[in-house]
Amino acid sequence: VQLQAYGGGLVQAGGSRRLSCTPSGGTFSRSTVGWFRRCAGKEREFVGSVKWRDGSTYVADSVKGRFTISRDNAENTVYLQMNRLEPEDTAVYYCAAKRQSSFTPLGYEAWGQGTEVTVSS
């Protein structure tokens with residue numbers, strides 16, 4: 001299954017943005033869908049994930065309180081809601097999926113192409 005992340009763009013600091021992740025040509029049959037980001041010049045960072053089965057979520061401490069992850073069964077979509085954005089949140093955001101039902105950032109098998117979010121100060 002290929003994943004598609006979209007919803008990126010330019011946003012002012014303090015603003016909000018919602019990213020979406022959908023599977024192309026299939027459904028989210030895998031257990032966990034995660035969000036990652038790569039800021040310029042930095043290693044890829046795990047943002048958080050949602051277990052498709054029960055909707056439980058994990059959000060990294062670095063964005064906790066500002067970012068939330070959710071899933072919509074009917075729309076077959078996972079969302080990353082980003083609030084109170086900061087210039088440091090500027091990155092390419094990726095969604096990924098794995099069969100393992102786990103919040104660990106490891107073991108992801110399918111990846112989307114990424115969507116860029118730029119936060120202006």
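A distance of 11.0 Å separates CG in Leu85 from OG1 in Thr118, rounded to the nearest 0.5 Å. Taking OH of Tyr93 as the start and SG of Cys21 as the end, the distance is 14.5 Å to the nearest 0.5 Å. The structure places OG of Ser121 at 12.0 Å from CD of Glu86, a figure rounded to the nearest 0.5 Å. Here OG of Ser62 is found 8.0 Å from CZ of Phe67. Values are rounded to the nearest 0.5 Å. Note that OG of Ser24 is 7.0 Å distant from CG of Leu3, once rounded to the nearest 0.5 Å.
Looking only at side-chain heavy atoms (C-beta outward), Thr22 and Asn76 stay at 4.5 Å or farther from each other. With contacts defined as side-chain heavy-atom distances shorter than 4.5 Å, the pair Leu19/Trp35 qualifies. Residues Ser49 and Val33 fail the side-chain proximity criterion, which asks for heavy atoms closer than 4.5 Å. Using a 4.5 Å heavy-atom threshold, the side chains of Thr104 and Tyr58 count as separate. Counting heavy atoms from C-beta on, the side chains of Arg53 and Ser31 never come closer than 4.5 Å. For the pair Thr77/Arg71, no side-chain contact is recorded, criterion being any heavy-atom separation below 4.5 Å from C-beta on. Under the 4.5 Å side-chain criterion, counting only non-hydrogen atoms from C-beta, Phe103 is in contact with Ser56. Between Asp72 and Tyr79, the closest side-chain pair of non-hydrogen atoms falls below 4.5 Å.
Remark: Gln113 CD is packed, more than 12 non-hydrogen atoms of other residues, nucleotides or ligands lying under 6.0 Å away.
Proximity of a side-chain donor or acceptor of Arg17 to a complementary backbone N or O of Gly8 within less than 3.5 Å is detected.
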**Residue pair Thr32, Tyr108: steps toward the side chain to side chain contact (heavy atoms under 4.5 Å, CB included) verdict** = CA-CA 9 Å; Thr32 308; Tyr108 281 86; 3.5 Å; yes

**Message:** The test is side chain to side chain contact (heavy atoms under 4.5 Å, CB included); show your working for Phe36 and Glu45 and say whether it passes.
**Reply:** CA-CA 5 Å; Phe36 296 78; Glu45 177 186 7; over 6 Å; no

**Asked** Please walk me through it: do Val119 and Val117 pass side chain to side chain contact (heavy atoms under 4.5 Å, CB included)?
**Response** CA-CA 7 Å; Val119 184; Val117 175; 4.1 Å; yes

**Item:** Stepwise side chain to side chain contact (heavy atoms under 4.5 Å, CB included) check, Leu80 with Val47
**Value:** CA-CA 9 Å; Leu80 175 65; Val47 176; 4.1 Å; yes

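Hydrophobic cluster membership differs between Ile69 and Phe46, with clusters built from Ile, Leu, Val, Met, Phe, Trp and Tyr side chains linked at under 4.5 angstrom.
Taking the charged nitrogens against the carboxylate oxygens, Asp61 and Lys64 do have a contact shorter than 4.0 Å, which makes a salt bridge.
The side-chain contact (heavy atoms from CB on, under 4.5 Å) test with Arg37 is passed by exactly one of Val63, Val92, Thr90: Val63. Screening Met82, Gln81, Arg66 for a side-chain contact (heavy atoms from CB on, under 4.5 Å) involving Ser16 leaves a single residue, Gln81.
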